[in-house]
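Position 1 is the first residue of the sequence; numbering continues from there.
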Amino acid sequence: MDPIRKAQEAMADRFKRMVDDFFSIQVRYQSAIREVETKLAILDDEYNTRHRRNPIHHMQSRMKSIQSIMEKLERKRYDVNIDSAVKNLMDIAGIRVICSYVQDVYTVANLLTKQDDIRLIEVRDYIQHPKANGYRSLHLIIEVPVYLSSGKVDVPVEVQIRTIAMDFWASLEHDLRYKAPEVPQDISDELQRIANDIAALDDRMQRLHDQVDALPRPDNL
């Protein structure tokens, strides 16, 4: 058999096995996403009751595709099977939390991670320490308990928390790089400058919010 065709068939068989195996554990990741989304929604509602505003603007969730899981396992030189994915990949389930202000990012992160059934595994603060391309966001890897008929399973979830402005930049930067993976240096430099401009805007909006928050309020508000 042609070696290329043989390799393609082996890849197809491996992909099919991954799909079949992933369906068997998919529910735990979907349940973990629902658990974290519910926790965040409750925190947002309670914060609004106390402070008359919501720190969370909106949320998005996603699960890695089988193709993405396989590519990441290969890239990191792990065995390409579902057991390896469960053991080594912490971002199969993901939630993106979009906040209005920078301080809200840290408020939401603190409120979430101090809950006693949440275990914080890793923090990557790309707001205080932006990536080289200008990307800013707070990344948390947390572990949340999911109760199945077979018992409790602790499931990792990646939570990315960022401002509206950070999300605007990240979405458009991703779109540009998807269209042109090899972006010229001058465009990369401009993207970084825009990221810095957006960060400065975030800081200005935070200061304005703090000033307005400090204003005296009528007793009936």
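- In this structure the side chain of Ile33 never reaches within 4.5 angstrom of the side chain of Arg62, judged on heavy atoms.
- Under the 4.5 Å side-chain criterion, counting only non-hydrogen atoms from C-beta, Asp189 is not in contact with Leu191.
- Just one of Asn48, Ile98, Leu40, Thr107 meets the side-chain contact (heavy atoms from CB on, under 4.5 Å) condition when paired with Ile56; it is Leu40.
- Without hydrogens or angle criteria, Gln206 side chain to Gln103 main chain gives a donor-acceptor distance under 3.5 Å.
- Here Lys64 pairs with Asp91 in a salt bridge; the nearest charged N to carboxylate O distance falls below 4.0 Å.
- Atom NZ of Lys87 is surrounded by 12 or fewer heavy atoms from other residues, nucleotides or ligands within 6.0 Å.
- In the displayed structure, His174 atom NE2 is contacted under 6.0 Å by at most 12 heavy atoms of other residues, nucleotides or ligands.
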* Apply the test side chain to side chain donor-acceptor pair (under 3.5 Å) to residues Tyr101 and Asp203: give CA-CA distance (whole Å), side-chain angles for both, the deciding distance (0.1 Å), then the verdict. => CA-CA 8 Å; Tyr101 301 98; Asp203 288 342; over 6 Å; no
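- Looking only at side-chain heavy atoms (C-beta outward), Arg53 and His209 come within less than 4.5 Å of each other.
- Here Lys39 does not pair with Glu37 in a salt bridge; the nearest charged N to carboxylate O distance is not below 4.0 Å.
- By the 30° and 60° cut-offs, the orientation of the rings of Tyr29 relative to Phe22 is parallel.
- Checking each of Val155, Asp117, Ile118, Val153 against Pro145 for a side-chain contact (heavy atoms from CB on, under 4.5 Å) leaves exactly one that passes, namely Asp117.
- Although no hydrogens or angles enter the test, the distance criterion places a donor-acceptor pair under 3.5 Å between the side chain of Arg136 and the main chain of Gly134.
- No donor-acceptor contact under 3.5 angstrom links the side chains of Glu190 and Gln192, judged on distance only.
- Counting all heavy atoms, side chain and backbone alike, Ala109 lies closest to Leu140 at CB-CD1, 3.9 Å.
- Looking only at atom types and distance, the side chain of Asp104 has no donor-acceptor partner in the side chain of Ser100 under 3.5 Å away.
- Hydrophobic clustering (side-chain heavy atoms under 4.5 Å, transitive across Ile, Leu, Val, Met, Phe, Trp, Tyr) groups Val36 together with Leu148.
- Ion pairing between Arg177 and Glu173 holds under the 4.0 Å rule for side-chain N and carboxylate O.
- Counting only heavy atoms from C-beta outward, the side chains of Met90 and Val157 never approach each other to under 4.5 Å.
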